[in-house]
Amino acid sequence: MKKVLRISYVSAFVLALILSALPLFPSHTSSAEKLVHVIPVNGTVEKGLLAFINRSIETAEESGADLIVFEINTPGGAVDAASEIADSFQGTSIPTIAFVNNRALSAGAYLALYADEIYMTPNASMGAAAVITGDGNAAEDKAQSYWLNEMKNAAESNDRDPKYAMAMADKEIDLPEVGAAKGSLLTLGPKNALEVGYSEGTVSTLDELLNNLGFENAEVVTSEVTFAEKIARFLTDPIVVPILLSIGSLGLVLELYSPGFGIPGAMGISALLLFFYGHLVAGLAGMETIILFVVGVVLIVLELFVPGGILGIIGLGAVITSFFLATDDIAGMGLSLLIAMLVTIIAMVLLFTVFGKKIRLFDRIVLRDSTNTEQGYVSNVSRIELVGQEGVTMTPLRPAGTAVINEERIDVVTEGNFIGANKKVRIVKAEGSRIIVREIHSVE
């Protein structure tokens, strides 16, 4: 009995020690253990940014982040890219904050609305989200209607009044109380955004934002754009794509006018490799796209040696298809290819007409040599020295036959008339192997 009591006393003592030591350990609910991932959304919104956003969100989820802050500073960008990035915003279960640090215009405003909460810096602005085409003009009604509905859905996704989001995209909406009378697009500053429920507060810095949210002691991890992602964002820019395709096609065409393989061909191949590399890193193209392109090029090269035209047509189709498979912006890719074709055609016309260049590659395939008299080539010996000499026919000439000229038997022809044997003749013309004679009539 005493032994049991002694064990109980020991157990109680150990339990007391454990309970007294608990305050020395950090609480699981302490902000010191909270993790915040900051994801910058800078520059133009395009497909290269989408790959970075997706990677950053996946990293935050794998590390068990408690909060994601999207630090937004963008003038806008492509509608299709913004739509996919918005899907990524919605797809994560981690609470999200849009921290508008300077500006969230056009597609940037659209993305901010998909965050759970929005905070702005004192000089920040958000709005001006009208759709424009690549040449800076307003998009067609169909595109405008689609984007207007997208802005409405973005606002409603987090219970915000959609009329303000729609006023950012449609200048026909009249909201003079927030500085957007009919005829102008709505752009909200920090004060107006707070008043209409499009902002939860105004802060000067990221640290101030985290303090307001109760994450002052949290570990902050900022996503960094890798070098490959920077290159991909640049190479997938809608302005850069047609330039790359133009350089690629122009370089290869110039190589056709140059002997051997030189700088133009290297530039052309490099430009096309950069195009596919950027779209591969951005997640827009797969290896099957590159394989299709290579197969197309091989078929086009084979067409130069195999007659028929079928291989060339299939190869050209494969190359063009590979470009369209490398993007989901079919219209943009079509325009880029059209620009590249126009640049190439103009260059070929100038090289041929102005500079008199010829395609050197064809010299290895097409036989251009000729054997003419001007270059010293003759098909047979010409007997011009016989013109004017006389002889006697050995056989009748009907009109061809044989005559003896200077004791040499020569095949001759008349001018069309008949000349009998043993008649005197004179050579009047020698055209290669054809020697023409005329009968000499005796004068009595």
Side-chain angles (χ1 to χ4, degrees), residues 35-92 94-115 118-121 124 126 205-207 209-210 215 218-241 243-244 270-271 273-287 326-329 332:
L35 177 62
V36 177
H37 266 253
V38 178
I39 303 177
V41 184
N42 298 327
T44 303
V45 176
E46 31 68 34
K47 291 303 179 68
L49 177 63
L50 171 63
F52 166 69
I53 295 292
N54 287 339
R55 178 181 64 81
S56 300
I57 291 177
E58 183 179 351
T59 301
E61 291 173 340
E62 291 176 350
S63 60
D66 300 285
L67 180 70
I68 294 178
V69 176
F70 295 104
E71 189 170 2
I72 301 176
N73 181 18
T74 173
V79 171
D80 55 344
S83 298
E84 295 190 36
I85 294 174
D87 291 339
S88 300
F89 276 33
Q90 288 185 298
T92 180
I94 302 174
T96 57
I97 301 292
F99 177 38
V100 182
N101 188 1
N102 192 8
R103 56 182 179 171
L105 303 180
S106 189
Y110 171 75
L111 293 177
L113 292 173
Y114 272 106
I118 300 174
Y119 287 83
M120 302 175 69
T121 57
M126 177 173 62
T205 63
L206 177 63
D207 289 338
L209 170 63
L210 296 179
F215 287 84
E219 178 186 355
V220 179
V221 176
T222 301
S223 296
E224 298 289 341
V225 181
T226 65
F227 179 75
E229 287 171 338
K230 289 179 181 178
I231 295 297
R233 289 194 62 182
F234 173 76
L235 296 177
T236 55
D237 189 280
I239 297 177
V240 176
V241 169
I243 295 176
L244 285 176
S270 298
L273 288 177
L274 286 173
F275 168 84
F276 283 107
Y277 172 78
H279 286 73
L280 185 65
V281 173
L284 299 174
M287 288 304 300
T327 181
D328 53 5
D329 183 8

Main-chain N/O of E61 paired to E58 side chain as donor or acceptor, under 3.5 Å: no

Contact summary for H279 and L235, nearest pair of heavy atoms: CE1-O, 4.1 Å

Heavy atoms of other groups near I239 CD1, more than 12 under 6.0 Å: no

Polar side-chain atom of T92 near backbone of F89 as donor-acceptor pair, under 3.5 Å: no

Separation of L49 CG from T44 OG1 (nearest 0.5 Å): 9.5 Å

Distance in Å, N101 CG paired with T121 OG1, rounded so as to fall on 0.5 Å steps: 5.0 Å

From CZ (F215) to CG (L67), nearest 0.5 Å: 4.5 Å

Side-chain donor-acceptor contact under 3.5 Å, T59 with H37: no

Heavy-atom closest contact (G77 atom, A107 atom, distance): N-CB, 3.8 Å

Heavy-atom pair of closest approach, residues G43 and P75: O-CD, 3.7 Å

Side-chain donor/acceptor of D66 to backbone N/O of L35, under 3.5 Å: yes

Spacing of L273 atom CG and L280 atom CG [to the nearest 0.5 Å]: 11.5 Å

Gap separating the CG atom of N102 from the CE atom of M126, nearest 0.5 angstrom: 13.5 Å

For the student: nearest non-hydrogen atoms of I57 and S88, plus distance: CD1-O, 3.6 Å

Among T222, I39, L206, side chain to side chain contact (heavy atoms under 4.5 Å, CB included) partner for V69: L206

Nearest-0.5 Å distance that lies between atom CZ in F99 and atom CG in N73: 10.0 Å

Exercise: identify the closest heavy-atom pair between I72 and T74: CG2-CG2, 3.7 Å

Plane angle bin for Y114 and Y110 - parallel if under 30°, tilted between 30 and 60°, otherwise perpendicular: perpendicular

F52 to P40 - nearest heavy-atom pair and separation: CE2-O, 3.2 Å

